[in-house]
Amino acid sequence: MSEKVICTKGIYPEFPRKGPSAAPAATHYCPGCGHGVLHKLIGEALADLGLQDQTVMISPVGCAVFAYYYFDAGNIQVAHGRAPAVATGVSRATDKVVIAYQGDGDLASIGLNETLQAANRGEKIAVFFVNNTVYGMTGGQMAPTTLIGEKTITCLNGRDPLTQGYPLHMCELINSLKAPVYVERVAVSDAKNIRNARRAVRKALEIQRDGKGYTFVEVLSPCPTNLGTTSVKNNDFINNEMAKEFPIQNFRDNSATAEHVVRSTSDFSKEKLDAMFELADIPAAIAHNTANFEEAQVKIAGFGGQGVLSLGIMLTQAAQAADMKVSWYPSYGPEQRGGTSNCSVIVSAKPIGSPVVYHPDLLVAMNRPSLERFKNDVKPGGTIMYDANMGDVELPVGVKGVAVPAQALAEEAGSDKAANTIMFGVMLELGITQLPEAAFARALEANFAKKPKLIPLNLAILEFARQWVRKNVK
Amino acid sequence: MATKLVKGNTAVVIGALYAGSDCFFGYPITPASEVLHEASRYYPQMGRQFVQAESEEASINMCYGAASAGHRVFTASSGPGISLMQEGISYLAGAELPTVIVDIMRAGPGLGNIGPEQSDYNQVVKGGGHGNYKCIVLAPNCVQEMCDMTMLGFELAEKWRTPAYVLADGVLGQMIEPFTFPEKAVTPKGDNSWAVCGTAETRKNLISSIFLDFTQLEEFNTRLQDKYARIEAEEARCEEQQTEDADIILVAYGISSRIAKTAMDVARKTGLKVGLFRPKTLFPFPKAALQRLASKPVTFVSVEMSNGQLLDDIRLAISCQRPVELVNRLGGNLITLDQVMDKINHIAGK
């Protein structure tokens, strides 16, 4: 007896991806299953709309895991519940028609987050959701859509809302979001419903063809095998019981007003990249003699908000301007947000090993807790610059202390936020970093490049600090 | 040659952009978030795709989608996020999809803290998800390499059709150094022989990791192992400093290798023959180079911010022929110079 092959548009005539088979045109689905009907509706629509050459079909985990056996389009098989995320990636990358085909466990349980988030972003994807109230592939467990009182192998006495909650209504959930263009629930339980489903499937794919955004079609579908019933009874169950809990209706159709969502086109040119990173206007390095340059290890510490990290950056910029090797490493995370903050800067003529400063040549302490925390780490012969507003301090023997009224000087010089620039100027005048004078000015220019009005002010503050050193530090 | 001061996490994004990556999908996590920030800033300016995903699972699956279409895609995260991505990375390896994953390691286990650690070594280098797979793992130790190795990651991932990691840590992600911008920008070509792009040419293609037949899956696994063997033969990279005459060889990658280098320099000044062996690829682990060093009577010291995870691979590579000592810190603490010096002096009998 020869098998009669009925070809369906958009579906392969035979299914070799299934492997060697005596019935190469038979699907892997059980008798009475609704997947076959929905496959046919989608396949036909893809063919009729001429979309097969521009469609990526995503097979989920569940009974439709092998959807790629059947759909004559580009096919991707993905992890359980992740189809909307994968669809997002495909859609953003290609801007083609993308279909996520998913069952109730996949879409409404493990993949609920991906489902809602992709819908909420209004991804240009068509989601077809097969709701048969039961896990199929894994053997008949309770699904998020299992009806109250409905029996499955994990709710043998029927779903009890006190312990197992209530059925999830996916169309209603999706319909609470702003972005989706089209939301409809249909069924494949009888000829009338199938005709209606055919219309909804086409509508969703037309919206995809036109690039208008997210569509969601829920399909109430039979699974006689796992519900332990017959095809006829299962279809009655859909029409009489499921449809009460999950009304068959259109929830939204914005297709008439929705516009084509245009995705940007990638620019790969080096010119554009170089321009974006402003590589044209990098000034030449400031020449200076580095023959006797000794590595300078600097630790800068204070309250978050005292410009501790940016003082470190300014020093790093000065070193960079002078073509030195330099590294900057901050304390990061919550410490940046209001607590104490510190950074390490190393300036060297040779490649730098560890970027973390444990024993600084120079410690800049903007507040007392920072001074107390780090003062004993300073190298013998090293320097500690600290804000004079701390009053009396006790410093380790063999370390030079410089009390700088940084905050007061900054205010006097015209900015209450520039205590760090005062410290920068003191650093320059003391010559601890061995960097040329011009590098300090360059650093200020670089640091305030986004606020150019502040450059002259900070240059003046730098000079103000230097004069203070000349008068007050011996 | 254009040189600027750049943060490690920013260098990753620069590398990706010049390598022709046109899709970034990510989720916030300290200390990797700047990669997300910078991608959000620069990808749209270049007309490229950026999505802040709802989770790390979603990020890696968005990568799976874009990679399936043959695009150069990447994501970045840190330990807890990488743990969440492992399912997706197993699928990427199973479907042989090129993707670059940047891991800016922090301290664990659990929520741990945001300080630097190197404790993702095992979950990154050994596969990490389910199944018999490995990913290429590149280990930068400076801001320049954060960029260069990201670019290399895209090349190798595509060449071998496998996910590639850039494995760095909180210090490398957060630090700023002078950085020279890439000399070339890549326009990616894609590969229509396997990708699924929604085109007539690729309509016949299928991306999948299912083999229902046990023997077929075994054959596929065997083919994967052959691929990994070829990667081991061709792609192992390392850097050696002063190993020729060394009695003690420090072995370290990433930020620990910088600390080890400082220790080597200090030790050499005191007359001790100390060398440095730095794996630049962790898979493939540079076994042959290490075996060559083990032919002499040396002592190895694994300098790592993890609990001997690197040390295990050193011992495996040299079949335990030589002693391998451990210097490590955990919990977000960095290894100190003093700590390494103490170990060196102890081994040297000083």
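This structure is a prediction, so every number in the text was calculated from the model and none was measured. Lettering follows sequence order; numbering is per chain, from 1.
- Looking at B/Arg258 and A/Val356, their side chains never come closer than 4.5 Å, going by heavy atoms from C-beta outward.
- Contact annotation for A/Ile76: both backbone and side-chain heavy atoms come within less than 4.5 Å of a heavy atom of chain B.
- Counting heavy atoms from C-beta outward, B/Ile255 and A/Pro355 have side chains that approach closer than 4.5 Å.
- Neither the backbone nor the side chain of B/Glu201 comes within less than 4.5 Å of any heavy atom of chain A.
- Nearest approach of B/Ala58 to A/Ala85, heavy atoms of both residues: O-CB, 3.7 Å.
- For the set A/Leu51, A/Val65, A/Asp274, A/Ile313, the entry with the most heavy-atom pairs within less than 4.5 Å of chain B is A/Asp274.
- Annotation for B/Ala185 and A/Leu273: closest pair CB-CD1, 3.8 Å, computed over non-hydrogen atoms.
- Here the side chains of B/Asp338 and A/Tyr358 are not in contact, with every heavy-atom distance at 4.5 Å or above.
- Your options are A/Met57, A/His359, A/Arg17, A/Lys325, and the one with the most heavy-atom pairs under 4.5 Å with chain B is A/Arg17.
- Here the side chain of A/Lys272 pairs a donor or acceptor atom with the backbone of B/Gln45 at under 3.5 angstrom.
- Comparing B/Phe25, B/Tyr43, B/Phe181 by how many heavy-atom pairs each has under 4.5 Å with chain A, the most go to B/Phe181.
- Between the CH2 atom of A/Trp328 and the NZ atom of B/Lys7 there is a distance of 5.0 Å, given to the nearest 0.5 Å.
- Contacts with chain A were tallied for B/Pro188, B/Gly8, B/Ala53; B/Pro188 has the most, counting heavy-atom pairs under 4.5 Å.
- Highest contact tally toward chain A, considering only B/Pro116, B/Ala69, B/Ala67, is held by B/Pro116 [criterion: heavy-atom pairs under 4.5 Å].
- With a threshold of 4.5 angstrom between heavy atoms, B/Val186 approaches chain A through N, CA, C or O but not through any side-chain atom.
- Of the listed residues (A/Ile352, A/Asp72, A/Asp323, A/Asp95), the one with the most heavy-atom contacts under 4.5 Å to chain B is A/Asp72.
- Within the 4.5 Å cutoff, side-chain heavy atoms of B/Leu5 are placed close to those of A/Val326.
- The nearest pair of heavy atoms linking A/Val78 to B/Tyr91 is C-CE2, 3.8 Å.
- Contact check for B/Met46 versus A/Met276: side-chain heavy atoms found under the 4.5 Å cut-off.
- By the 4.5 Å heavy-atom criterion applied to side chains, A/Thr316 and B/Met175 are not counted as neighbours.
- For A/Glu278, the parts lying under 4.5 angstrom from a heavy atom of chain B are both the backbone and the side chain.
- Here CZ of A/Arg121 is found 10.0 Å from CD of B/Gln52. Values are rounded to the nearest 0.5 Å.
- Inter-residue side-chain proximity for B/Val171 and A/Tyr329 is flagged as met; some heavy-atom pair is nearer than 4.5 Å.
- Distance CG/B/Asp22 to CG/A/Asp267: 11.5 Å, rounded to 0.5 Å.
- Heavy atoms of B/Thr199 lying under 4.5 Å from chain A belong to its backbone as well as its side chain.
- Using a 4.5 Å cut-off between heavy atoms, A/Val345 does not touch chain B at all.
- Remark: B/Leu17 CG to A/Phe277 CZ distance equals 5.0 Å, nearest 0.5 Å.
- Proximity to chain A is limited to the backbone of B/Phe50, based on heavy atoms less than 4.5 angstrom apart.
- Of the residues considered (B/Lys261, B/His71, B/Glu177, B/Lys184), B/His71 shows the highest number of contacts with chain A, using heavy-atom pairs under 4.5 Å.
- Note: B/Ser68 leads B/Gly94, B/Ser68, B/Ala263 in heavy-atom pairs under 4.5 Å with chain A.
- Contacts between B/Leu212 and chain A at a heavy-atom distance below 4.5 Å involve the side chain alone, from C-beta outward.
- In this structure, A/Ser264 contributes its side chain and B/Gly47 its backbone to a donor-acceptor pair below 3.5 Å.
- Of the atoms belonging to B/Tyr18, heavy atoms from both backbone and side chain fall under 4.5 Å from chain A.
- Residue contact with chain B, scored on non-hydrogen atoms closer than 4.5 Å, involves the backbone and the side chain of A/Lys270 alike.
- Only the backbone of A/Thr55 comes within less than 4.5 Å of a heavy atom of chain B; no side-chain atom from C-beta onward does.
- At a 4.5 Å heavy-atom cutoff, the contact between B/Thr3 and chain A is made by backbone and side-chain atoms alike.
- The main-chain N or O of A/Ser354 is found under 3.5 Å from a side-chain atom of B/Thr262 such that the two form a donor-acceptor pair.
- Expressed to the nearest 0.5 Å, how far OG of A/Ser59 lies from CD1 of B/Ile207 amounts to 12.0 Å.
- For chain A, the nearby parts of B/Glu54 are the backbone and the side chain; heavy atoms of each come within less than 4.5 Å.
- Between chain A and the options B/Ser21, B/Ala195, B/Ala2, heavy-atom pairs under 4.5 Å are most frequent for B/Ala2.
- Taking both residues in full, the closest heavy atoms of B/Gly65 and A/Val90 are given as O-CG2, 3.4 Å, listed atom of the first, atom of the second, then distance.
- Counting heavy-atom neighbours within 6.0 Å of A/Lys350 NZ, excluding the residue itself, gives a total of 12 or less.
- Heavy-atom distances place the backbone of B/Pro182, and not its side chain, under 4.5 Å from chain A.
- Between B/Ile210 and A/Gln77 the shortest side-chain heavy-atom distance falls below 4.5 Å.
- Between chain B and the residues A/Arg263, A/Gln54, A/Gln52, the most heavy-atom pairs under 4.5 angstrom are made by A/Gln52.
- Counting heavy-atom pairs closer than 4.5 Å to chain B, the top residue among A/Asn120, A/Thr265, A/Val97, A/Ile346 is A/Thr265.
- Considering only heavy-atom pairs separated by less than 4.5 Å from chain B, the leading option among A/Thr88, A/Val98, A/Leu116, A/Ile58 is A/Thr88.
- Within the 4.5 angstrom heavy-atom criterion, no atom of A/Phe71 approaches chain B.
- A pairwise comparison of heavy atoms in A/Tyr68 and B/Ser208 identifies OH-OG, 4.1 Å as the closest pair.
- Heavy atoms closer than 4.5 Å to chain A are found in both the backbone and the side chain of B/Tyr42.
- Interface residue B/Lys4: backbone and side-chain heavy atoms are both found under 4.5 Å from chain A.
- Residue contact with chain B, scored on non-hydrogen atoms closer than 4.5 Å, involves the backbone of A/Met324 exclusively.
- Atoms OG and CD, on A/Ser91 and B/Gln49 in that order, are 8.5 Å from each other to the nearest 0.5 Å.
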